[in-house]
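Just so you know, ligand 1 is whichever comes first in the structure, and atom 1 is the first atom listed for that ligand.
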Amino acid sequence: MNKILIANRGEIAVRIIRTCKEMNIKTVAIYSEADKDALHTRLADEAICIGPAIPTKSYLNIKNIIEAAYITSSDSIHPGFGFLSENSKFAKICEESNIKFIGPSSNVIELLGNKSKKKKLMKQAGIPVIPGSEGCIKNIEEAILIAKEIGYPVILKASAGGGGKGIRIAKNVEELQKNYEIVKQEAKTSFNDDNIYLEKYIKNPRHIEVQILADEYGNVVHLGERDCTIQRKHQKIVEETPSTIIDEKLRNKLGNIAIKVAQIAKYISCGTVEFLVDSDKNFYFMEMNTRIQVEHPITEMRTGIDIVKEQIKIAAEEKLKYKQKEIKFKGYSIECRINAENPHKNFMPCPGKINEIHLPGGNGIRVDTAIYNGYIIPPNYDSMIAKIICLGTTRNEAIAKMKRALEELVIDGVNTNRDFLLEIIKKPNFIRGNFDTSFIEKEILNNQNLKKEEYK
Ligand code: MV4
């Protein structure tokens, strides 16, 4: 691998460029007209404008990106996360253009992108999945039959869905009949695919995911779990590893199942296997993410492994140099996502100019960001502008470090969710590790609404 074109922007593009430099690999940034002065544009060895600010015309513009790779003689493309990172069509075009797509093959991306197909495959191979329909449901009669079998509440999901779109819970037959039609309609309008499936509804779950690395030669290792339960509207905000609900025994069990999932899918690259875990610690396979993820740094902090470096080496057909028992886990790591948004105005994005900035540092603190003093955050992209990641020897130490780092952070000129994050990590139930996916709504937003009322 000689020259990598990074088909992304923001902090993840910078993150990838940094590792490339350390590996002596040349880098090409692509940028939109809004990103002429962006950090990734400046840090890469070369930069090429690929279109207007609007993502469909630039960072999602496959034709322009492939042309940029040709013009710059790039031999490979790193897609980062979001944008084209899980687009099997893009991966396929790279394959056909003799450009190495740094990720799994297009076939594997396609397989793992189909909710009902991959669930069926994993179930048949003995991976624990949430009880429910075998693939898609044909009609309401079938849905009622299956719901009766597995018991209410049940959840209806669009096969092509994701991020909480096209899902509805039903507590009884009447709700099932009503929501069946709603989800089918939603699925058709949102995804142009009205296939839906049905599952037992897991109440108050934890979201636990396992990072894996798989090479071309059949070697697969896991790098432990991440607990991503703290979310708002299906957006993760705080992630940590290890999870407070996972002990050594369960870690090995989940890790081995994640490895098996990768093997069944014939997966090659870094990847993440997601589980829902119920209050009795039953766990169920949900999906496999075929990209580098936002929260990967907490795993890097705890294992000392550069996951992007491993991902690039795997794409270059190198053999994994770690055996499972050589992977050592050390300490507790937490990540907080800093968004340019206003929590008091329904988390409305707040683009604009950064007048003054101070990023925290010190022992055990890592900040991944692409913002700098005077930078203008464009309105066209995701509002996540920085990630603070810390590593402590105990969980309490990691929380104390995060609190200190968030308090030290200065971003002047735009609103951020900094105080909202501080509120989360100071909550007794967060400190106790006592939370589920409803934590933000139950513990933070209710109080905030009360506070808002008090102000009046
Ligand atoms: C579920 C569930 C409970 N039971 N499936 C939300 C989006 C999509 N990724 C899957 N989701 C869920 N599926 C069953 N059978 C609860 C959720 C869910 C959720 C999952 C992970 C993290 C946060 C969540 C917030 C609300 C609902």
Side-chain angles (χ1 to χ4, degrees), residues 81-82 86 112-120 122-123 127-137 143 146-147 149-171 175-176 179-180 183 186-187 190-191 193 195-210 225-241 243-246 254 261 271-291 293-295 335 337 347 424 430 435-445:
F81 50 64
E86 295 185 285
L112 293 172
N114 185 300
K115 307 254 165 196
S116 46
K117 236 196 243 170
K118 86 183 154 210
K119 190 179 171 187
K120 203 168 176 176
M122 293 305 163
K123 190 182 174 185
I127 301 295
V129 298
I130 302 172
S133 59
E134 193 82 34
C136 295
I137 38 180
I146 295 165
E149 227 171 80
I150 60 176
Y152 288 92
V154 295
I155 187 166
L156 288 159
K157 297 185 177 181
S159 192
K165 249 197 193 160
I167 64 174
R168 292 264 159 145
I169 302 158
K171 292 193 221 64
E175 287 186 6
L176 181 57
N179 288 341
Y180 178 86
V183 173
E186 257 179 20
S190 299
F191 313 113
D193 173 355
N195 282 310
I196 60 178
Y197 62 103
L198 184 140
E199 285 177 348
K200 176 91 190 155
Y201 178 61
I202 311 293
K203 265 185 231 149
N204 307 329
R206 301 269 281 225
H207 172 123
I208 307 284
E209 57 186 35
V210 177
E225 80 282 6
R226 295 186 285 259
D227 191 322
C228 307
T229 301
I230 307 288
Q231 311 195 358
R232 186 193 148 266
K233 301 232 161 133
H234 305 287
Q235 293 288 325
K236 296 167 187 169
I237 324 180
V238 180
E239 303 101 341
E240 62 177 308
T241 181
S243 169
T244 56
I245 61 158
I246 309 283
L254 278 178
V261 166
T272 302
V273 182
E274 285 187 3
F275 299 94
L276 274 193
V277 183
D278 71 16
S279 44
D280 296 325
K281 298 197 187 175
N282 297 307
F283 56 85
Y284 308 95
F285 167 76
M286 291 269 288
E287 53 191 76
M288 182 162 190
N289 298 321
T290 59
R291 61 180 187 275
Q293 285 189 278
V294 175
E295 59 273 25
E335 171 178 278
R337 300 188 187 192
F347 299 87
I424 293 171
F430 176 77
F435 50 79
D436 58 51
T437 50
S438 64
F439 178 84
I440 298 283
E441 260 173 33
K442 278 207 294 246
E443 294 235 7
I444 315 278
L445 295 180

Arg232 vs Thr437, side-chain hydrogen bond (donor to acceptor under 3.5 Å, both in side chains): CA-CA, chis, key distance, verdict: CA-CA 8 Å; Arg232 186 193 148 266; Thr437 50; over 6 Å; no
Residue pair Thr229 / Pro205: nearest heavy atoms and the distance that separates them: CG2-O, 4.0 Å
Which pairs of nitrogen or oxygen atoms, taken one from ligand 1 and one from the protein, are under 3.5 angstrom apart?
from: ligand 1; atom 1: 4 (N); to: Ile202; atom 2: N; distance (Å): 2.8
from: ligand 1; atom 1: 5 (N); to: Lys157; atom 2: NZ; distance (Å): 2.9
from: ligand 1; atom 1: 13 (N); to: Lys157; atom 2: NZ; distance (Å): 3.1
from: ligand 1; atom 1: 15 (N); to: Glu199; atom 2: OE1; distance (Å): 2.9
from: ligand 1; atom 1: 15 (N); to: Lys200; atom 2: O; distance (Å): 2.7

ring-ring contact (aromatic ring centres under 6.0 Å, His included) against Tyr180, all qualifying residues, sequence neighbours excluded: none
Donor-acceptor contact present, side-chain Lys281 to main-chain Ile245, <3.5 Å: yes
Geometric class of the Phe275/Phe283 ring pair [parallel <30°, tilted 30-60°, perpendicular >60°]: perpendicular
Test applied, salt bridge (charged side-chain N to carboxylate O under 4.0 Å, His left out); reference residue, Arg206; option that passes from Asp227, Asp280, Asp436, Asp278: Asp227
